[in-house]
Amino acid sequence: MESNDWGALRITLLGGFRLLAGGDQVAVSGGAERLLSFIALCGRSVPRALMAGRLWPDASERRAHASLRSALARLDGVGRRILDIGATDVRLSPAARVDVDEARALARRILDRTTPTAERDLSADAVETLSADLLPGWYDDWVILEAEEWHRLRVHALEALVDDFVAAGRFADAVSAACLAVRAEPLRESAHAALIRAHLAEGNQAEALRDYERCAGLLQAELRIPPSPRLRELVAGLRP
(Lines give C-alpha, C1' and ligand atoms only; values in the text may rest on other atoms or scores of the structure.)
Protein backbone atom coordinates (compact mmCIF):
# COMPACT_ATOMS: atom_id res chain seq x y z
CA MET A 1 0.00 0.00 0.00
CA GLU A 2 1.30 3.43 -0.93
CA SER A 3 1.53 6.24 1.60
CA ASN A 4 -1.19 8.19 -0.20
CA ASP A 5 -3.63 5.45 0.87
CA TRP A 6 -3.26 6.36 4.55
CA GLY A 7 -6.64 8.07 4.50
CA ALA A 8 -8.24 4.63 4.20
CA LEU A 9 -6.69 3.28 7.42
CA ARG A 10 -9.28 2.30 10.00
CA ILE A 11 -9.44 0.43 13.31
CA THR A 12 -12.77 -1.14 14.21
CA LEU A 13 -13.49 -2.25 17.78
CA LEU A 14 -17.27 -2.69 17.67
CA GLY A 15 -18.15 -6.33 17.26
CA GLY A 16 -14.47 -7.29 17.43
CA PHE A 17 -11.06 -5.98 16.38
CA ARG A 18 -10.25 -5.36 12.74
CA LEU A 19 -7.52 -3.33 11.06
CA LEU A 20 -8.59 -2.12 7.63
CA ALA A 21 -6.55 -0.55 4.86
CA GLY A 22 -8.38 0.62 1.78
CA GLY A 23 -11.36 -1.47 2.85
CA ASP A 24 -9.29 -4.67 3.09
CA GLN A 25 -8.70 -6.42 6.40
CA VAL A 26 -5.09 -6.66 7.51
CA ALA A 27 -4.02 -9.62 9.63
CA VAL A 28 -2.03 -8.79 12.77
CA SER A 29 -0.98 -10.82 15.81
CA GLY A 30 -3.02 -10.98 19.00
CA GLY A 31 -0.41 -8.85 20.75
CA ALA A 32 -0.66 -6.20 18.05
CA GLU A 33 -4.46 -6.24 18.35
CA ARG A 34 -4.21 -5.45 22.07
CA LEU A 35 -1.64 -2.73 21.48
CA LEU A 36 -3.60 -1.01 18.70
CA SER A 37 -6.90 -1.37 20.58
CA PHE A 38 -5.47 0.26 23.70
CA ILE A 39 -4.12 3.21 21.74
CA ALA A 40 -7.38 3.58 19.81
CA LEU A 41 -9.42 3.63 23.03
CA CYS A 42 -7.09 5.97 24.95
CA GLY A 43 -7.00 8.65 22.31
CA ARG A 44 -4.61 10.03 19.77
CA SER A 45 -1.52 10.14 22.00
CA VAL A 46 -0.65 7.67 24.77
CA PRO A 47 2.42 7.87 27.09
CA ARG A 48 4.62 4.79 26.90
CA ALA A 49 4.56 4.45 30.70
CA LEU A 50 0.76 4.26 30.71
CA MET A 51 0.72 1.65 27.94
CA ALA A 52 3.35 -0.52 29.63
CA GLY A 53 1.59 -0.44 33.00
CA ARG A 54 -1.88 -1.18 31.65
CA LEU A 55 -0.98 -3.79 29.04
CA TRP A 56 1.42 -5.71 31.30
CA PRO A 57 -0.01 -5.03 34.79
CA ASP A 58 1.56 -8.08 36.44
CA ALA A 59 5.09 -7.38 35.22
CA SER A 60 7.71 -5.21 36.89
CA GLU A 61 8.09 -1.70 35.49
CA ARG A 62 11.31 -2.64 33.74
CA ARG A 63 9.87 -5.82 32.27
CA ALA A 64 6.66 -4.05 31.17
CA HIS A 65 8.64 -1.38 29.30
CA ALA A 66 10.76 -4.09 27.67
CA SER A 67 7.60 -5.92 26.57
CA LEU A 68 6.24 -2.69 25.09
CA ARG A 69 9.45 -2.04 23.15
CA SER A 70 9.36 -5.60 21.84
CA ALA A 71 5.70 -5.34 20.82
CA LEU A 72 6.31 -2.08 18.96
CA ALA A 73 9.38 -3.53 17.24
CA ARG A 74 7.39 -6.53 16.01
CA LEU A 75 4.81 -4.35 14.29
CA ASP A 76 5.27 -4.19 10.55
CA GLY A 77 3.39 -3.10 7.45
CA VAL A 78 0.12 -1.30 8.06
CA GLY A 79 0.26 -2.10 11.78
CA ARG A 80 3.37 0.06 12.11
CA ARG A 81 2.38 2.72 9.62
CA ILE A 82 -0.85 3.46 11.45
CA LEU A 83 1.23 4.63 14.45
CA ASP A 84 3.58 7.53 15.08
CA ILE A 85 6.05 6.08 17.59
CA GLY A 86 7.92 8.63 19.69
CA ALA A 87 10.45 8.41 22.48
CA THR A 88 7.90 9.09 25.23
CA ASP A 89 4.53 8.43 23.63
CA VAL A 90 2.77 6.61 20.81
CA ARG A 91 -0.06 8.04 18.77
CA LEU A 92 -2.32 7.06 15.92
CA SER A 93 -1.59 8.48 12.53
CA PRO A 94 -3.76 11.57 11.93
CA ALA A 95 -5.22 9.79 8.88
CA ALA A 96 -6.45 6.80 10.91
CA ARG A 97 -10.11 6.49 11.86
CA VAL A 98 -11.57 4.56 14.79
CA ASP A 99 -15.14 3.27 14.56
CA VAL A 100 -15.99 3.68 18.24
CA ASP A 101 -15.11 7.39 18.08
CA GLU A 102 -17.62 7.81 15.26
CA ALA A 103 -20.19 5.67 17.10
CA ARG A 104 -19.90 7.74 20.29
CA ALA A 105 -20.36 10.92 18.26
CA LEU A 106 -23.47 9.38 16.65
CA ALA A 107 -24.95 8.44 20.03
CA ARG A 108 -24.31 11.91 21.47
CA ARG A 109 -25.94 13.59 18.46
CA ILE A 110 -29.03 11.43 18.93
CA LEU A 111 -29.14 12.11 22.66
CA ASP A 112 -28.86 15.87 22.15
CA ARG A 113 -32.51 16.81 22.52
CA THR A 114 -31.84 20.50 21.86
CA THR A 115 -31.78 19.86 18.10
CA PRO A 116 -33.75 17.43 15.92
CA THR A 117 -31.92 14.25 14.98
CA ALA A 118 -30.46 14.66 11.50
CA GLU A 119 -31.89 12.56 8.68
CA ARG A 120 -28.52 10.87 8.16
CA ASP A 121 -28.72 9.54 11.73
CA LEU A 122 -32.25 8.20 11.26
CA SER A 123 -30.99 5.18 9.38
CA ALA A 124 -30.53 1.44 9.46
CA ASP A 125 -26.76 2.07 9.59
CA ALA A 126 -27.18 4.03 12.81
CA VAL A 127 -29.23 1.23 14.36
CA GLU A 128 -26.61 -1.31 13.31
CA THR A 129 -23.80 0.78 14.80
CA LEU A 130 -25.66 1.10 18.09
CA SER A 131 -26.32 -2.64 18.21
CA ALA A 132 -22.65 -3.67 18.46
CA ASP A 133 -20.70 -4.31 21.66
CA LEU A 134 -17.14 -3.09 22.05
CA LEU A 135 -14.53 -5.87 21.79
CA PRO A 136 -16.84 -8.68 22.94
CA GLY A 137 -14.96 -11.55 24.57
CA TRP A 138 -12.09 -9.34 25.79
CA TYR A 139 -11.70 -9.32 29.58
CA ASP A 140 -8.82 -6.93 30.24
CA ASP A 141 -9.77 -4.37 32.89
CA TRP A 142 -9.16 -1.47 30.50
CA VAL A 143 -11.49 -3.05 27.93
CA ILE A 144 -14.27 -3.87 30.39
CA LEU A 145 -14.51 -0.26 31.62
CA GLU A 146 -14.71 1.14 28.09
CA ALA A 147 -17.16 -1.58 27.01
CA GLU A 148 -19.50 -0.86 29.91
CA GLU A 149 -19.46 2.87 29.19
CA TRP A 150 -20.22 2.28 25.51
CA HIS A 151 -22.97 -0.22 26.40
CA ARG A 152 -24.77 2.35 28.54
CA LEU A 153 -24.39 5.06 25.92
CA ARG A 154 -25.64 2.93 23.04
CA VAL A 155 -28.73 1.71 24.94
CA HIS A 156 -29.70 5.28 25.83
CA ALA A 157 -29.21 6.29 22.20
CA LEU A 158 -31.31 3.38 20.91
CA GLU A 159 -34.16 4.38 23.21
CA ALA A 160 -33.98 7.98 22.01
CA LEU A 161 -33.87 6.80 18.41
CA VAL A 162 -37.14 4.91 18.95
CA ASP A 163 -38.97 8.16 19.66
CA ASP A 164 -37.32 9.83 16.65
CA PHE A 165 -38.46 7.02 14.37
CA VAL A 166 -41.99 7.16 15.80
CA ALA A 167 -42.12 10.92 15.22
CA ALA A 168 -41.09 10.31 11.60
CA GLY A 169 -43.77 7.63 11.17
CA ARG A 170 -41.15 4.93 10.68
CA PHE A 171 -42.69 2.35 12.99
CA ALA A 172 -40.81 -0.72 11.76
CA ASP A 173 -37.51 1.05 12.39
CA ALA A 174 -38.76 2.17 15.81
CA VAL A 175 -39.64 -1.41 16.78
CA SER A 176 -36.28 -2.66 15.50
CA ALA A 177 -34.33 -0.12 17.56
CA ALA A 178 -36.43 -0.84 20.65
CA CYS A 179 -35.96 -4.60 20.30
CA LEU A 180 -32.19 -4.10 20.20
CA ALA A 181 -32.36 -2.01 23.38
CA VAL A 182 -34.40 -4.73 25.10
CA ARG A 183 -32.01 -7.41 23.90
CA ALA A 184 -29.08 -5.44 25.29
CA GLU A 185 -30.79 -4.91 28.67
CA PRO A 186 -33.70 -7.34 29.18
CA LEU A 187 -34.47 -5.99 32.68
CA ARG A 188 -34.37 -2.32 31.67
CA GLU A 189 -37.88 -0.90 31.97
CA SER A 190 -37.16 2.14 29.82
CA ALA A 191 -36.18 -0.15 26.93
CA HIS A 192 -39.45 -2.07 27.26
CA ALA A 193 -41.32 1.22 27.53
CA ALA A 194 -39.76 2.37 24.25
CA LEU A 195 -40.87 -0.88 22.58
CA ILE A 196 -44.39 -0.57 23.98
CA ARG A 197 -44.64 3.04 22.75
CA ALA A 198 -43.53 1.94 19.29
CA HIS A 199 -46.19 -0.79 19.18
CA LEU A 200 -48.88 1.59 20.38
CA ALA A 201 -47.89 4.26 17.85
CA GLU A 202 -48.34 1.67 15.11
CA GLY A 203 -51.70 0.64 16.55
CA ASN A 204 -50.59 -2.81 17.69
CA GLN A 205 -52.17 -2.99 21.13
CA ALA A 206 -51.85 -6.75 21.44
CA GLU A 207 -48.09 -6.60 20.82
CA ALA A 208 -47.74 -3.76 23.32
CA LEU A 209 -49.57 -5.76 25.97
CA ARG A 210 -47.58 -8.88 25.16
CA ASP A 211 -44.29 -7.04 25.68
CA TYR A 212 -45.54 -5.52 28.92
CA GLU A 213 -46.41 -8.98 30.23
CA ARG A 214 -43.04 -10.31 29.12
CA CYS A 215 -41.30 -7.49 30.99
CA ALA A 216 -43.45 -8.04 34.07
CA GLY A 217 -42.58 -11.74 34.05
CA LEU A 218 -38.85 -11.04 33.80
CA LEU A 219 -38.92 -8.50 36.61
CA GLN A 220 -40.78 -10.90 38.86
CA ALA A 221 -38.60 -13.90 38.01
CA GLU A 222 -35.25 -12.11 38.24
CA LEU A 223 -35.78 -9.31 40.76
CA ARG A 224 -39.04 -10.13 42.54
CA ILE A 225 -40.40 -6.66 41.81
CA PRO A 226 -43.48 -5.50 39.89
CA PRO A 227 -43.34 -3.13 36.89
CA SER A 228 -43.15 0.54 37.81
CA PRO A 229 -46.31 2.68 37.78
CA ARG A 230 -44.90 4.51 34.75
CA LEU A 231 -44.69 1.27 32.77
CA ARG A 232 -48.12 0.09 33.92
CA GLU A 233 -49.59 3.41 32.82
CA LEU A 234 -48.56 2.75 29.22
CA VAL A 235 -50.89 -0.24 28.96
CA ALA A 236 -53.66 1.01 31.27
CA GLY A 237 -56.99 0.38 29.65
CA LEU A 238 -55.76 -2.24 27.20
CA ARG A 239 -57.18 -5.07 29.28
CA PRO A 240 -60.98 -5.43 29.38
Side-chain angles (χ1 to χ4, degrees), residues 1-108 111 129-157 184-185:
M1 175 177 296
E2 299 299 326
S3 60
N4 58 10
D5 290 328
W6 277 31
L9 296 179
R10 181 175 175 85
I11 293 175
T12 74
L13 305 177
L14 298 180
F17 176 90
R18 289 194 302 162
L19 175 60
L20 303 173
D24 297 325
Q25 185 167 351
V26 178
V28 294
S29 68
E33 288 186 1
R34 291 180 72 248
L35 185 70
L36 294 173
S37 295
F38 185 83
I39 296 168
L41 286 174
C42 283
R44 290 287 158 178
S45 179
V46 188
R48 281 177 175 258
L50 175 63
M51 293 175 62
R54 297 296 296 278
L55 291 174
W56 291 274
D58 299 325
S60 67
E61 182 177 352
R62 181 177 178 182
R63 184 64 178 270
H65 278 273
S67 296
L68 175 59
R69 287 194 299 271
S70 177
L72 290 170
R74 287 197 301 271
L75 284 175
D76 58 11
V78 175
R80 188 170 187 83
R81 290 167 61 186
I82 202 171
L83 298 179
D84 293 335
I85 301 174
T88 60
D89 61 6
V90 180
R91 67 185 65 204
L92 286 178
S93 162
R97 296 165 57 197
V98 179
D99 68 337
V100 72
D101 291 342
E102 298 165 355
R104 285 169 176 157
L106 165 67
R108 291 182 182 119
L111 288 169
T129 295
L130 296 171
S131 71
D133 286 320
L134 189 150
L135 294 175
W138 289 42
Y139 300 107
D140 304 80
D141 288 344
W142 53 272
V143 175
I144 291 172
L145 291 173
E146 294 283 352
E148 289 176 346
E149 179 185 351
W150 164 243
H151 182 82
R152 288 190 293 268
L153 182 62
R154 77 178 183 86
V155 172
H156 276 102
E185 288 287 351

Side-chain atoms of residues 46-64: list all donor-acceptor pairs with protein atoms under 3.5 Å, sequence neighbours left out, distances to 0.1 Å.
| unit_1 | atom_1 | unit_2 | atom_2 | d |
| --- | --- | --- | --- | --- |
| Arg48 | NE | Gly86 | O | 2.9 |
| Arg48 | NE | Ala87 | O | 3.2 |
| Arg48 | NH2 | Gly86 | O | 3.1 |
| Ser60 | OG | Arg63 | N | 3.2 |

Look only at the side chain of [X] and the backbone of [Y], and say whether a donor-acceptor pair between them is shorter than 3.5 Å.
X	Y	value
Arg80	Leu72	yes
Asp84	Ser93	no
His151	Ala147	no

Where is the tightest heavy-atom contact between [X] and [Y], given as atom of each residue plus distance?
X	Y	answer
Leu13	Asp99	N-OD1, 2.8 Å
Leu36	Gly79	CD2-O, 4.0 Å
Ala132	Trp150	O-NE1, 2.8 Å

statement: Result for side-chain contact (heavy atoms from CB on, under 4.5 Å) between Ile39 and one of Leu92, Ile82, Asp89 points to Leu92
field: ring-ring contact (aromatic ring centres under 6.0 Å, His included) partners of Trp138, counting only residues at least two apart
entry: none
field: Separation of Gln25 CD from Leu19 CG (nearest 0.5 Å)
entry: 8.0 Å
- prompt: Heavy-atom count around His65 NE2 within 6.0 Å, excluding the residue itself: above 12?
  reply: yes
Note, [X] side chain near [Y] side chain (heavy atom, < 4.5 Å):
X	Y	answer
Ser37	Val143	no
Leu41	Leu134	yes
Arg154	Thr129	no

